[in-house]
Amino acid sequence: MKMERLYESAKSQLNTVRTTRNGKMGHVAAALVTDRGNVYTGVALDLPSSIGFCAEHSAIASMVTAGEYKIDKIIAVYETGDILPPCGRCRELINQVGEDNYHCEIGLPDDRTVRLDELLPERWDAKYFI
């Protein structure tokens, strides 16, 4: 699957809702495709008191619920349509959910893609792979 189709899948999930306590939900959406070709999507919940999670977390949780763990490609889209790189926490989650995910493709702004290993060049867990 091309990154453009994954972008469109994520973008179609955007549905910003503002909560009464200055929170936002659905303002960031993510889509991923697994090594089996299945697409999973999710949205961010950005709520007061640091409660919530990123869109990538939501998409990954859907994937894991379906019994899959290997991400081929992943992308996150902001409510404006801009592509967002994954935050550090998301990068680690992508990496830790499946061993092969260290080599998955990440959609970045300006139609760029990189592998996760380029965003996490110095693995903290390298000692476990000796």
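Since we're looking at a predicted model, the values are computed, not measured.
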* Structure fact -> To the nearest 0.5 Å, atom CD1 of I94 lies from atom CD of E56 at 6.0 Å
* **Check: G52 main-chain N/O paired with D46 side-chain donor or acceptor under 3.5 Å** => no
* Structure fact -> Separation between CG (L84) and OH (Y78), nearest 0.5 Å, reads 8.0 Å
* Asked: What is the minimum heavy-atom distance between V28 and A76, and which atoms define it?
  -> CG1-CB, 4.4 Å
* Compare all side-chain heavy atoms of L116 with those of I71 and state whether any distance is below 4.5 angstrom. => no
* Nearest 0.5 Å, what's the CD-CD1 distance between E105 and I74? -> 12.5 Å
* Indicate yes or no for a side-chain donor-acceptor contact from E118 to the backbone of R115 under 3.5 Å, with no hydrogens or angles considered. => yes
* Can you tell me how far OG1 of T65 sits from CD1 of I60, rounded to the nearest 0.5 angstrom? -> 11.5 Å
* What are the two closest heavy atoms between A30 and A10, and how far apart are they? -> C-CB, 3.8 Å
* **Side-chain touch M25/L47, heavy atoms, less than 4.5 angstrom** => yes
* Asked: Any link between V114 and L32 through a network of hydrophobic side chains (Ile, Leu, Val, Met, Phe, Trp, Tyr) touching at under 4.5 Å?
  -> yes
* Asked: Same cluster for L14 and L45 if Ile/Leu/Val/Met/Phe/Trp/Tyr side chains link at under 4.5 Å?
  -> no
* **side chain to side chain contact (heavy atoms under 4.5 Å, CB included) between V43 and N15, worked out** => CA-CA 9 Å; V43 297; N15 183 26; over 6 Å; no
* Asked: Can V33 be reached from L93 by stepping across I, L, V, M, F, W or Y side chains whose heavy atoms are under 4.5 Å apart?
  -> no
* Can you find a pair of side-chain heavy atoms, one from N95 and one from R123, that are under 4.5 Å apart? -> yes
* Between Y102 and L120, is there a donor-acceptor pair closer than 3.5 Å when you use the side chain of the first and the backbone of the second? -> yes
* Between the main-chain N or O of D100 and the side-chain N or O of K70, is there a donor-acceptor pair closer than 3.5 Å? -> no
* Asked: If we only count heavy atoms from C-beta on, is the N38 to M63 side-chain gap below 4.5 Å?
  -> no
* To do: Enter the distance from H27:NE2 to T80:OG1 here, rounded to the nearest 0.5 Å.
  => 11.0 Å
* Asked: Is there a side chain to side chain contact (heavy atoms under 4.5 Å, CB included) between D111 and M3 once you walk through the steps?
  -> CA-CA 9 Å; D111 294 322; M3 196 62 78; over 6 Å; no
* For the atom pair CD (E4) and OG (S9), what is the distance rounded to the nearest 0.5 Å? -> 10.0 Å
* Asked: Quick check: does any side chain N or O of T34 sit under 3.5 Å from a backbone N or O of R36, one acting as donor and the other as acceptor?
  -> yes
* Asked: If you take all heavy atoms of A31 and L6, which pair is closest and at what distance?
  -> CB-O, 3.5 Å
* Taking side chain as C-beta onward, heavy atoms only, is I106 less than 4.5 Å from P86? -> yes
* Asked: Closest approach of I83 and P85, non-hydrogen atoms and distance?
  -> O-CD, 4.1 Å
* Asked: Can you check whether H103's main-chain N or O pairs, donor with acceptor, with D117's side chain at less than 3.5 Å?
  -> no
* Asked: Can you get from Y40 to V97 by hopping between Ile, Leu, Val, Met, Phe, Trp and Tyr side chains that sit under 4.5 Å apart?
  -> yes
* To do: Determine the minimum heavy-atom distance between C87 and C54, stating which atoms define it.
  => SG-SG, 3.9 Å
